[in-house]
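Heads up: the structure comes next, in structure tokens.
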Amino acid sequence: MKIVLQNVNVVNPESKINEKKSSILIEDGKIVKIGKLSSSELNGTEEFNLSEKYVVPGFFDMHVHLREPGREDEETVKTGCDSAANGGFTGIACMPNTEPAIDSAEVVSLIKKQAKGHLVDVKVIGAATQGRKGEMISPMAELCEAGTVGFSDDGVAIKTAAILKRALEYSKMYDVPIIEHCEDESLAGGAMNEGFNSTLLGLPPIPSVAEDLIVMRGIIMAEYTKGKFHVAHISTKRSVKMVREAKEAGINVTAEVTPHHFTLTDDIIKTYDTNAKMNPPLREKKDVEEIIKGLKDGTIDCIASDHAPHADEEKEVEFEFAPNGIIGLETQIGLTLTELLQKKVLTLEEIIFKMSINPRKILRIPTPKFEKGEIANLTILDLDEIWTVDITKFKSKSKNSPFDKRILTGRAVGVVNNNKMFYDNNFINI
Amino acid sequence: MPLSNRHLLGLEGVPKEDIQLILDTTTTFREVLERPIKKVPTLQGNTVVNLFFENSTRTRISFELAEKRLSADAVNFSSSSSSVSKGETLKDTMRNIEAMKVDMVVVRHSAAGTPRFLTNICDSNIINAGDGIHEHPTQALLDMYSIREKFGKLEGLKVCIVGDVAHSRVALSNIFGLITMGAKVSVCGPSTMIPRNIEELGVDVIYDIDEAIQENDVLNVLRIQLERKAREYFPSIREYAKYFGITEERLEKNGKDIVILHPGPINRGVELSAAVADGLHQIILQQVTNGVAVRMAVLYLLGTMN
């Protein structure tokens with residue numbers, strides 16, 4: 001089948017393409033031509049007139065919780081992928097804190113099997129230690145052979161420095177990163193960031209140093225072992241500064257941030273809304289400011305959602321008893337365009353790096369190329385559309401978002417990948 | 001003039017006029033408690049549920065007596081464990097209780113913010129009887145009433161809250177209420193028990209108990225929670241008693257006529273020596289009596305708003 005995306009602005013900084021009012025001809029899922037098309041080339045194609053929307057390399061979210069296996073009532077591989085497509089992503093990496101944890105080739109195959117044939121590519125992050133218990137490293141060689149692209153005990157940090165050292169050393173053979181949820185166990189267990197607001201609200205606090213200590217540990221260990229260390233969902237001022245300094249020193253460290261950590265502060269917890277409860281917790285203005293600075297100067301490589309679905313009945317409880325996390329796949333691009341593009345923190349090219357190219361490079365996944373013969377893997381963005389978040393329209397099985405009813409500027413209106421297109425709320429085979 | 005809010009979730013942001021109204025109304029009910037027949041028909045036909053998810057004796061009895069003396073129908077629901085561990089969510093528990101047609105809910109819970117959570121899921125008036133380490137507004141109101149009874153005013157008085165401020169719901173409510181009423185508030189305790197950024201609330205921090213005694217008109221001495229994890233925040237009970245305990249010698253040394261409050265139950269020999277706990281400075285039992293009157297005032301003012 002032949003389709004053409006007409007009247008689009010094509011931007012792919014990696015392929016050095018920036019063409020205004022152009023078109024893309026796609027046949028059997030592959031790019032045939034980018035540029036002006038003759039009437040003979042348009043013959044027999046299905047046309048999509050996109051009135052100057054932007055076509056960019058398919059976005060990739062490297063931090064997603066799919067909940068399968070174990071909590072299929074909250075999300076499945078299928079609903080997670082649908083949610084990703086609706087949110088504007090052509091690829092995601094799923095975290096291993098499932099039940100059982102992703103610490104064997106069998107669980108990797110199960111997820112791959114469930115994802116097969118979907119528009120959205122699902123990459124798997126394996127557990128860094130067996131059962132995420134922090135005692136023995138996982139069978140990383142076998143997991144890598146099964147397709148694992150990184151390792152993490154996400155939800156918690158790797159328990160001890162000794163095991164982290166071993167994980168960094170062993171994973172080096174396969175050139176995959178160790179992704180750390182940076183939180184010191186002895187300082188963990190609270191319900192929100194420690195500060196004036198936690199004092200006001202009487203909620204048990206998690207100090208920012210709980211994150212900083214583990215970021216510091218990872219940086220030091222990455223330098224020592226020459227392994228690859230990736231900081232998941234960075235949230236504190238000091239952590240951003242440490243990553244910046246480590247990069248300047250040539251240490252192999254990368255970092256991601258979630259949209260909620262650059263958009264919100266712990267001020268929104270004042271109503272005890274459990275959709276404002278996540279880990280790492282929402283921090284303070286000074287932290288958000290440093291994160292913005294880190295996004296601008298390249299300290300922070302990626303934007304990732306930490307999409308964490310939870311059932312309503314688990315979130316509609318006393319704040320301290322509610323589980324951590326919010327869904328993010330379907331608000332991430334809107335928040336990024338609103339908070340970073342509209343406010344001129346990042347350019348569109350920089351956003352493409354942070355949401356498409358860098359996450360794939362960190363996980364050593366091929367990046368989408370806008371060249372003849374390449375698989376059409378792209379996201380279509382409307383940078384100006386003003387829309388209101390409506391969680392009832394989400395494709396995710398869960399609805400735990402603090403952004404419901406928020407007015408955003410800019411969104412993804414479609415994606416193309418794997419011979420499929422998602423557009424106008426429909427999956428189309430192309 | 002009615003109160004500005006139909007719930008009493010805490011004293012943060014409660015206007016001076018509301019606190020004044022509650023304290024003035026308390027005086028009326030304080031009189032009732034001195035009568036041979038200590039009962040008025042004010043809340044006849046009203047149903048109040050005391051929803052206690054945490055062990056409590058005096059607060060629950062105080063509320064129950066207040067309800068009965070206002071002729072309300074009082075029902076007690078006690079569960080030492082949280083509803084979560086029983087398999088029923090608090091939302092379901094609350095909806096079931098409300099389906100039995102109640103008017104007001106008095107709630108005590110280990111999790112901060114629970115009273116506010118209840119306002120989202122039911123229509124009754126909610127009264128916070130202590131939520132985690134957040135607030136305990138009726139305790140602070142009875143403390144303020146007792147201080148006012150003693151001094152005839154609150155404005156300009158110097159009040160120091162002594163002890164484990166970080167893990168106390170009494171401290172925060174006292175700070176909010178007293179500052180609103182124009183008192184000068186400070187806190188004194190081991191530095192591990194003083195929460196971060198407490199100064200931003202407009203209170204001074206003192207680490208020397210002698211200084212706290214010299215500088216203040218009132219000490220509100222908190223209970224050290226020996227049974228909770230708060231116990232990890234100081235090296236030993238002996239050390240706490242030695243450096244932060246209020247003793248006769250300390251009061252004499254500082255030569256000060258000072259008023260001592262304690263929300264109870266007292267750990268004798270820890271935060272207060274036995275002599276101080278029974279001595280001339282303390283007004284602990286007046287606090288308990290006033291507690292019933294304050295709660296009657298709150299129940300009356302909220303119950304007659306609807």
Side-chain angles (χ1 to χ4, degrees), chain A residues 73 185-210 212 236-238 265-277 281-287 310-324 399-400 402 404, chain B residues 9-13 53-54 81-85 87-95 107 109-121 128 130-137 165-173 175-176 187 194-203 228-230 232:
Chain A
D73 62 313
E185 195 185 358
S186 68
L187 293 167
M192 71 175 289
N193 176 60
E194 180 169 56
F196 181 60
N197 282 331
S198 66
T199 298
L200 268 190
L201 296 170
L203 287 168
I206 309 170
S208 57
V209 291
D212 304 337
T236 72
K237 180 176 178 175
R238 180 168 290 247
T265 67
D266 64 2
D267 284 346
I268 70 155
I269 301 171
K270 282 184 179 159
T271 56
Y272 294 92
D273 177 1
T274 57
N275 283 329
K277 186 180 178 191
L282 295 172
R283 304 285 185 187
E284 298 170 20
K285 192 161 164 267
K286 67 172 174 23
D287 301 295
H310 287 293
D312 282 353
E313 66 270 19
E314 286 186 356
K315 276 288 196 183
E316 284 186 333
V317 296
E318 301 86 327
F319 194 88
E320 286 169 49
F321 302 157
N324 288 307
K399 308 288 174 222
N400 50 310
D404 192 30
Chain B
L9 306 179
L11 292 187
E12 185 192 358
F53 292 98
E54 224 185 28
S81 59
S82 72
S83 54
V84 164
S85 62
E88 186 180 49
T89 64
L90 177 59
K91 188 177 173 182
D92 285 336
T93 305
M94 189 60 235
R95 287 190 159 177
V107 61
H109 200 293
S110 66
T114 299
R116 180 186 270 267
F117 174 63
L118 292 184
T119 65
N120 298 335
I121 56 178
N128 182 2
D131 61 331
I133 54 173
H134 181 220
E135 286 222 43
H136 191 359
V165 176
H167 300 97
S168 169
R169 48 191 167 218
V170 177
L172 208 53
S173 289
I175 291 169
F176 290 134
V187 294
I194 305 295
R196 276 173 82 80
N197 315 82
I198 187 97
E199 299 90 343
E200 288 178 43
L201 289 175
V203 304
R228 277 204 218 164
K229 67 172 182 190
E232 295 162 16

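Here the structure is a predicted model, which is why all the values come from computation and not from measurement. Note that these values count all heavy atoms, side chains included, but never hydrogens, waters or copies made by symmetry. Lettering of chains follows the sequences in order, A, B, ..., and the numbering in each one begins at 1.
Heavy-atom pairs under 4.5 Å with chain B peak, among A:E194, A:E320, A:E313, A:E314, at A:E320.
With a threshold of 4.5 angstrom between heavy atoms, B:E200 approaches chain A through its backbone and through its side chain. With a threshold of 4.5 angstrom between heavy atoms, B:L201 approaches chain A through its backbone and through its side chain. For a residue to count as touching a neighbouring chain, one of its non-hydrogen atoms must lie under 4.5 Å from one of that chain's; by this rule A:T274 does not touch chain B. Both the backbone and the side chain of B:R196 have a heavy atom closer than 4.5 Å to some heavy atom of chain A.
Remark: A:K399 pairs with A:D312, A:I391, A:F394 by the side-chain contact (heavy atoms from CB on, under 4.5 Å) rule, at least two apart or across chains. When the ring-ring contact (aromatic ring centres under 6.0 Å, His included) test is applied to A:Y272, the partners found at least two apart in sequence or on another chain are B:H134.
How far CG of B:N120 is from CE of B:M94: 12.0 Å, rounded to the nearest 0.5 Å.
Here the shortest heavy-atom pairing between A:G202 and B:I133 reads O-CG1, 3.0 Å.
Looking only at distances, no side-chain donor or acceptor of B:K91 sits under 3.5 Å from a matching main-chain atom of B:F117.
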